[in-house]
**Student:** 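Please see the structure below; I have some questions.
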Protein chains: 2
Amino acid sequence: MNIADQTFPAVDSANEDRAQAIRDQLRDAIVDRRLAPGTKLSEGEVGTLFDVSRTVARAALQMLSFEGLVRTERNRGAFVANPSPEEARQVFASRRLIEPGIAIAAAERMTPAHVVAFKAQLDEEGRFIAERGPSARRSEIKASGDFHLLLASVAGNVILQRFMEELVARSSLVIALYGRSGVSSCGHSEHMNILEALESGNAERASALMLHHIDHIEADLDLRVRSGPALRQALEF
Amino acid sequence: MNIADQTFPAVDSANEDRAQAIRDQLRDAIVDRRLAPGTKLSEGEVGTLFDVSRTVARAALQMLSFEGLVRTERNRGAFVANPSPEEARQVFASRRLIEPGIAIAAAERMTPAHVVAFKAQLDEEGRFIAERGPSARRSEIKASGDFHLLLASVAGNVILQRFMEELVARSSLVIALYGRSGVSSCGHSEHMNILEALESGNAERASALMLHHIDHIEADLDLRVRSGPALRQALEF
DNA sequence: GGAGAAAAGATTGCATACGATTTTTGCGAT
DNA sequence: ATCGCAAAAATCGTATGCAATCTTTTCTCC
């Protein structure tokens with residue numbers, strides 16, 4: 001009975017919080033761009049979709065609003081975030097500040113097991129790049145983010161790790177919105193270079209490579225305001 | 001109209017969210033150490049105390065749990081966070097990574113109005129240090145944190161600003177728990193030096209001073225495990 | 001008297017209900 | 001046909017109720 005109806009939504013998460021499970025699925029959907037920015041996420045809809053009451057759906061949406069992935073307006077509802085160019089710049093400014101330091105910390109804590117995990121991660125990343133199609137592109141963005149999350153977990157600071165989770169999620173949104181080309185293939189090779197530096201314990205080099213990597217990602221964005229930002233906001237789309 | 005109702009931190013909060021107001025008050029109480037680490041915050045108690053239902057009290061507690069100021073255990077309730085020495089170290093490691101960069105950004109954006117605000121802030125800080133007594137010490141810790149928050153707001157990156165809000169709040173908890181002496185008077189002069197550097201537009205110097213300042217704060221902590229950490233955790237007090 | 005088990009009490013997780021607010025729809029006037 | 005306004009529908013904010021879980025007390029048995 002449990003197995004049957006909890007097939008897809010709400011993974012296993014028996015003792016876990018249901019709201020958390022819903023948040024995770026919604027976050028994946030947002031980061032994967034299956035939910036477009038501006039989409040309304042009504043409490044009732046989310047609730048019926050995941051077969052829970054509005055109470056827990058609301059809790060999930062509140063969590064996402066804390067992470068900056070949805071914006072809530074009083075008495076109006078929750079919407080998938082539509083980050084402005086300015087917000088996008090701030091996301092990357094934050095990453096430039098934090099990630100080089102994370103790379104240094106990670107370099108000092110790398111173990112052979114970590115190296116194996118990174119190689120598996122990069123393999124998967126390469127596979128998605130080889131594929132074509134919109135679905136592959138989404139997976140590609142997600143895999144690219146996972147590299148940075150893996151690095152954060154190796155660094156061993158859970159606070160910074162959580163910050164990075166938020167920043168990576170928001171970056172994915174920004175890239176989906178403002179991304180120009182397939183810089184990702186270039187990003188893939190940069191990831192490999194970073195791993196090389198980490199593997200050889202060259203913390204400084206890893207840090208510098210990371211900084212450049214972030215610069216490259218941001219440089220690929222087209223952050224000019226398009227077709228009147230006020231109108232866009234007013235129309236909420 | 002705008003001026004009238006936005007007098008101060010919206011205690012009345014007519015159109016504001018009530019849960020948010022409760023969160024703010026609870027946060028202040030935690031940071032001020034009026035609520036000791038480990039204290040249980042039951043939904044019902046908080047609700048009756050603020051004259052709201054459990055629903056909104058619960059929302060406030062959820063917010064605080066996101067910020068790391070309370071820890072919630074399923075089916076058991078919410079407790080004021082009791083950061084471990086390891087957690088304390090990670091808080092300061094995060095600050096060492098972020099705040100020097102914030103100082104640089106702030107130095108580049110300082111205006112005369114900002115300088116005035118900083119001077120007022122430092123005046124108040126000095127006043128609390130001059131006073132004696134436990135209440136003054138609490139205000140002193142809070143004022144010291146406010147300096148860093150003011151700096152973050154000047155830096156102009158709302159994402160980093162929110163990160164700093166969390167880090168400063170957790171720092172206050174840590175200092176209250178593990179703080180040794182009145183390093184704060186020393187911290188006050190360091191704040192003044194930082195302001196000097198900011199005022200003269202010397203970003204590099206401000207950044208370096210900030211890094212040392214954080215080091216000094218952490219150096220004043222006694223992060224040795226005291227009287228068995230496992231026992232302490234087990235007894236939850 | 002102490003240890004263990006069962007019951008009572010307290011607290012959380014979740015669903016539902018109801019008033020308030022916003023958005024949409026329907027209808028008549030210009 | 002368009003605009004304005006009022007009623008209806010939808011949605012949110014919040015309170016409350018019930019079942020599940022945890023804690024404490026009490027009772028029994030050794």
Side-chain angles (χ1 to χ4, degrees), chain A residues 1-2 5-6 9-26 35 38-66 69-82 233-237, chain B residues 1 5 10-26 35 38-66 69-82 231 233-237:
Chain A
M1 176 170 151
N2 283 332
D5 66 36
Q6 291 190 357
V11 207
D12 46 342
S13 77
N15 56 0
E16 262 291 323
D17 215 337
R18 284 196 283 172
Q20 217 159 308
I22 294 174
R23 175 201 60 176
D24 291 343
Q25 291 210 217
L26 283 179
L35 286 169
T39 306
K40 169 148 197 194
L41 301 173
S42 110
E43 296 176 357
E45 206 174 345
V46 172
T48 55
L49 195 61
F50 287 94
D51 200 45
V52 294
S53 80
R54 269 181 53 216
T55 306
V56 39
R58 184 186 180 82
L61 291 172
Q62 193 190 354
M63 292 193 235
L64 289 170
S65 129
F66 277 123
L69 289 185
V70 318
R71 154 184 55 92
T72 63
E73 291 175 33
R74 184 177 178 86
N75 276 322
R76 287 204 5 103
F79 304 83
V80 177
N82 201 341
Q233 283 247 337
L235 298 178
E236 227 147 47
F237 187 72
Chain B
M1 174 169 154
D5 66 36
V11 181
D12 51 326
S13 72
N15 56 1
E16 262 290 321
D17 214 338
R18 284 198 283 172
Q20 216 160 309
I22 294 175
R23 176 201 60 176
D24 291 344
Q25 290 208 225
L26 284 179
L35 286 168
T39 306
K40 169 147 199 197
L41 300 173
S42 106
E43 296 176 359
E45 207 174 345
V46 172
T48 55
L49 196 61
F50 288 93
D51 200 45
V52 295
S53 80
R54 274 181 48 216
T55 305
V56 40
R58 187 187 179 82
L61 291 173
Q62 193 190 354
M63 293 192 232
L64 289 170
S65 130
F66 276 123
L69 288 185
V70 317
R71 155 184 53 94
T72 63
E73 292 175 31
R74 184 176 178 88
N75 277 322
R76 286 204 6 100
F79 305 83
V80 177
N82 201 341
L231 178 65
Q233 283 247 336
L235 298 178
E236 225 148 48
F237 189 74

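All chains are named by letter (A, B, ...) in the order of the sequence lines, taking the proteins before the strands, and each is independently numbered beginning at 1.
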**Student:** A side-chain contact here means heavy atoms from C-beta on lying under 4.5 Å apart; do A:Leu26 and A:Leu61 qualify?
**Tutor:** yes
**Student:** Whether A:Arg58 contacts D:dC12 is assessed here as follows: a side-chain N or O lying under 4.0 Å from the phosphate OP1 or OP2. Is that the case?
**Tutor:**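 No, outside the criterion.
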**Student:** Restricting to side-chain contact (heavy atoms from CB on, under 4.5 Å), what partner residues turn up for B:Ser65, sequence neighbours left out?
**Tutor:**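 Result, side-chain contact (heavy atoms from CB on, under 4.5 Å) vs B:Ser65: B:Val70, B:Thr72.
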**Student:** Checking B:Ser53 now: which residues fulfil side-chain contact (heavy atoms from CB on, under 4.5 Å) with it, not counting sequence neighbours?
**Tutor:** B:Thr55, B:Val56
**Student:** How many angstroms lie between CD in B:Glu73 and CZ in B:Phe79, if you round to the nearest 0.5 Å?
**Tutor:**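 With rounding to 0.5 Å, CD (B:Glu73) is 5.5 Å from CZ (B:Phe79).
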**Student:** Rounded to the Å, how far apart are A:Ile22 CD1 and C:dG13 C1'?
**Tutor:**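 The distance from CD1 of A:Ile22 to C1' of C:dG13 comes to 13 Å, rounded to the nearest Å.
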**Student:** So B:Gln25 and B:Phe50, side-chain contact (heavy atoms from CB on, under 4.5 Å) or not? Walk me through it.
**Tutor:** CA-CA 10 Å; B:Gln25 290 208 225; B:Phe50 288 93; 3.8 Å; yes
**Student:** Grab the N/O contacts between the protein and nucleotides 22-25 of chain C below 3.5 Å, and write none if there aren't any.
**Tutor:**
| from | atom 1 | to | atom 2 | distance (Å) |
| --- | --- | --- | --- | --- |
| C:dT23 | OP1 | A:Arg76 | NH1 | 2.3 |

**Student:** Looking only at heavy atoms, what is the nearest atom pair of B:Ala60 and B:Arg23, with distance?
**Tutor:** CB-N, 3.9 Å
**Student:** What is the distance, rounded to the nearest whole Å, between atom CD of B:Glu73 and atom P of C:dT12?
**Tutor:**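 Atom CD in B:Glu73 sits about 12 Å away from atom P in C:dT12.
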**Student:** Which atom pairs, one a donor and one an acceptor, fall under 3.5 Å between side chains of residues 39-47 of chain A and the rest of the protein, sequence neighbours left out?
**Tutor:**
| from | atom 1 | to | atom 2 | distance (Å) |
| --- | --- | --- | --- | --- |
| A:Thr39 | OG1 | A:Ala36 | N | 3.4 |
| A:Thr39 | OG1 | A:Ala36 | O | 2.5 |
| A:Lys40 | NZ | A:Arg76 | O | 2.9 |
| A:Ser42 | OG | A:Gly44 | N | 3.3 |
| A:Ser42 | OG | A:Glu45 | N | 3.0 |
| A:Glu43 | OE1 | A:Arg54 | NE | 3.1 |
| A:Glu43 | OE1 | A:Arg54 | NH2 | 3.1 |
| A:Glu43 | OE2 | A:Arg58 | NH1 | 2.5 |

**Student:** Using heavy atoms and a sub-4.0 Å distance, could you list which residues of residues 40-54 of chain B are near DNA chain D? By number, please.
**Tutor:** B:Val52, B:Ser53, B:Arg54
**Student:** Report yes if at least one side-chain N or O of B:Arg18 is closer than 4.0 Å to OP1 or OP2 of D:dA15; otherwise report no.
**Tutor:**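 Yes, such a contact exists.
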**Student:** How many angstroms lie between CZ in B:Arg71 and CG in B:Leu64, if you round to the nearest 0.5 Å?
**Tutor:**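 It is 13.5 Å, given to the nearest 0.5 Å.
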